[in-house]
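For reference, the structure is listed below as structure tokens.
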Amino acid sequence: MFSNIGPFEAVALGVVIVALYIVPSVIAFRRRRPNRLLILTINLVLGGTLIGWAVALYLATRAAPAARSRPV
């Protein structure tokens, strides 16, 4: 399947794979999630597995908890 792929195509494919791999971390940092370092860690350590990547993506995209007001 990839036997006649050239160097340009190999680099382009690598860039696409890396971009998809870090999507959960980028989303978490752009949304300023309070647990973005946890999401980054899960993404880097377990992102190679589909389950770890999906967990990081879920944590990055779930709704932020509502801010609790302090009683006066």
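- Remark: Leu38 engages Asn35, Ile42 in a side chain to side chain contact (heavy atoms under 4.5 Å, CB included) (not counting sequence neighbours).
- Between Asn43 atom CG and Ile22 atom CD1 the span is 8.0 Å, to the nearest 0.5 Å.
- With sequence neighbours left out, Thr61 forms a side chain to side chain contact (heavy atoms under 4.5 Å, CB included) with Ile27, Arg31, Leu57.
- The two atoms that bring Phe29 and Leu37 nearest to each other are CZ-CD2, 4.0 Å, heavy atoms only.
- The two residues Ala60 and Pro24 have their closest heavy-atom pair at CB-O, 3.3 Å.
- Smallest separation of non-hydrogen atoms from Tyr21 and Gly47: CE1-C, 3.3 Å.
- Between Arg33 and Arg36, the shortest heavy-atom distance links the atoms O-NH1, 3.0 Å.
- Contacts of Tyr58 classified as side chain to side chain contact (heavy atoms under 4.5 Å, CB included), with partners at least two apart in sequence or in another chain: Arg62.
- Following chains of ILVMFWY side-chain contacts shorter than 4.5 Å, one can reach Ile39 starting from Ile51, so the two form part of one hydrophobic cluster.
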